[in-house]
2 protein chains.
Amino acid sequence: AMEKSYTSMFLLLVAIISCALAKDVGKKEAKETTAKPKLPQTLSRGWGDQLIWTQTYEEALFRSKHSNKPLMIIHHLDECPHSQALKKAFAEHKDIQKLAEKFILLNLVYETTDKNLSPDGQYVPRILFIDPSLTVRADITGRYSNRLYAYEPSDISLLYSNMQKALKLMKTEL
Amino acid sequence: AMEKSYTSMFLLLVAIISCALAKDVGKKEAKETTAKPKLPQTLSRGWGDQLIWTQTYEEALFRSKHSNKPLMIIHHLDECPHSQALKKAFAEHKDIQKLAEKFILLNLVYETTDKNLSPDGQYVPRILFIDPSLTVRADITGRYSNRLYAYEPSDISLLYSNMQKALKLMKTEL
């Protein structure tokens, strides 16, 4: 007889993701693309090809803990114009790209099952910092009170200073 | 005051992974590499650059369920010679590369927290099939009774026929 072990039910909890700040988009399901991507697919997904990106949340947490670097997690979607615009600003900002080297980096197009990564909901783009003690830095926020972890391209300097904050507070608090 | 929300304890459960069949290696911890990889890093990690690879387990399950394709998960490690040898055999086997297009594909160097993915332990290399109903196909095994989901390069034809089995049983059973 075939042994069947069902995967955890949490796996069925597929995230319904909304595209932040897009008034006309609202809630939409993560969409599967049928077209083949340009090969080979990269872990950077365009957020900085020269940077080292982790593949999964488990890997990112492990590396953050063991390297004592803060973790920066970017949730985004290919079909979200706000994500695309922020990605462009992020990838082209030389100081951000340089500072990003001091972080363990992860960009995700699918939500994890850890609700600590969505303190005020699941939306994209959404950027969260986690320190090496594996504490989500919910205090590091952008300018939008309804979506605390969203950034627009015009907020790129705030994002830069938040990255500095994540590095600085870590030094003084840990 | 800084709001701290601690990530789930499961995150601390970093997998101790053993390299299958390596008598002299035994249990070893997943090792962090300090050297920069060749850029850009790819999702294929060398298992087939022309194939489409998913990034995370959550994404893979979502795509399997919605595309009705079986999911093939390869656990491996860069520093494991058995993983490397199997990867080479897998990447160079034209029929396997062709057949792999019919699967949702995921290769992982960090274990997930789903214990259904380690029916007889966490070791590498280890290949599991999951059907689109999200059932782990624990019945599709290799030749080693102590590590049912391990394959050596010389088992590449068995792996190929197991891939056919995963596709065939799915059609008749679902």
Side-chain angles (χ1 to χ4, degrees), chain A residues 1-15 30 32-34 36-37 39-45 48-63 65-67 107-117 119 130-131 133-139 169 173, chain B residues 1-15 30 32-34 36-37 39-45 49-63 65-67 107-117 119 130-131 133-140 169 173:
Chain A
M2 194 175 111
E3 185 190 325
K4 286 192 175 191
S5 54
Y6 289 90
T7 55
S8 315
M9 284 309 293
F10 79 78
L11 304 169
L12 295 170
L13 187 103
V14 171
E32 284 172 87
T33 53
T34 47
K36 289 206 177 195
L39 298 169
Q41 301 156 286
T42 65
L43 287 171
S44 74
R45 291 181 184 266
D49 288 345
Q50 301 310 305
L51 295 166
I52 296 174
W53 295 85
T54 53
Q55 183 184 352
T56 66
Y57 187 39
E58 289 84 1
E59 174 182 2
L61 289 167
F62 179 86
R63 289 191 188 274
K65 193 169 151 65
H66 289 261
S67 67
N107 73 79
L108 290 175
V109 290
Y110 281 75
E111 295 286 337
T112 69
T113 51
D114 187 349
K115 63 184 183 343
N116 294 304
L117 292 185
I130 298 182
D131 72 31
S133 70
L134 306 190
T135 304
V136 175
R137 293 292 310 269
D139 60 311
L169 286 184
E173 291 181 10
Chain B
M2 195 177 111
E3 187 191 325
K4 287 193 174 191
S5 54
Y6 290 87
T7 56
S8 315
M9 284 307 294
F10 79 78
L11 303 170
L12 295 170
L13 187 102
V14 172
E32 284 171 87
T33 54
T34 48
K36 290 205 177 195
L39 298 168
Q41 303 155 284
T42 65
L43 288 172
S44 75
R45 292 181 183 261
D49 288 345
Q50 301 310 305
L51 295 167
I52 296 175
W53 295 85
T54 53
Q55 183 184 352
T56 65
Y57 186 40
E58 289 84 1
E59 175 182 0
L61 289 167
F62 179 87
R63 290 192 189 272
K65 193 170 150 67
H66 288 261
S67 67
N107 72 79
L108 290 175
V109 291
Y110 281 76
E111 294 286 336
T112 69
T113 52
D114 188 347
K115 63 184 184 341
N116 294 305
L117 292 185
I130 298 182
D131 73 31
S133 70
L134 305 189
T135 303
V136 175
R137 292 293 308 271
D139 60 313
I140 302 183
L169 286 184
E173 291 180 10

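Basis for what follows: all heavy atoms, side chains included, without hydrogens, waters or symmetry-related copies. Lettering follows sequence order; numbering is per chain, from 1.
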Step by step, work out the side chain to side chain contact (heavy atoms under 4.5 Å, CB included) result for Leu43(B) and Arg45(A).
-> CA-CA 10 Å; Leu43(B) 288 172; Arg45(A) 291 181 184 266; 4.2 Å; yes

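- Considering OH of Tyr57(A) and OG1 of Thr112(B), their distance stands at 14.5 Å, rounded to 0.5 Å.
- How far CD of Glu59(B) is from OG1 of Thr56(A): 12.0 Å, rounded to the nearest 0.5 Å.
- Listed here is the closest heavy atom pair of Trp53(A) and Gln41(B): N-OE1, 2.9 Å.
- When every heavy atom of Leu108(A) is checked against every heavy atom of Gln55(B), the shortest pair comes out as CD2-NE2, 4.0 Å.
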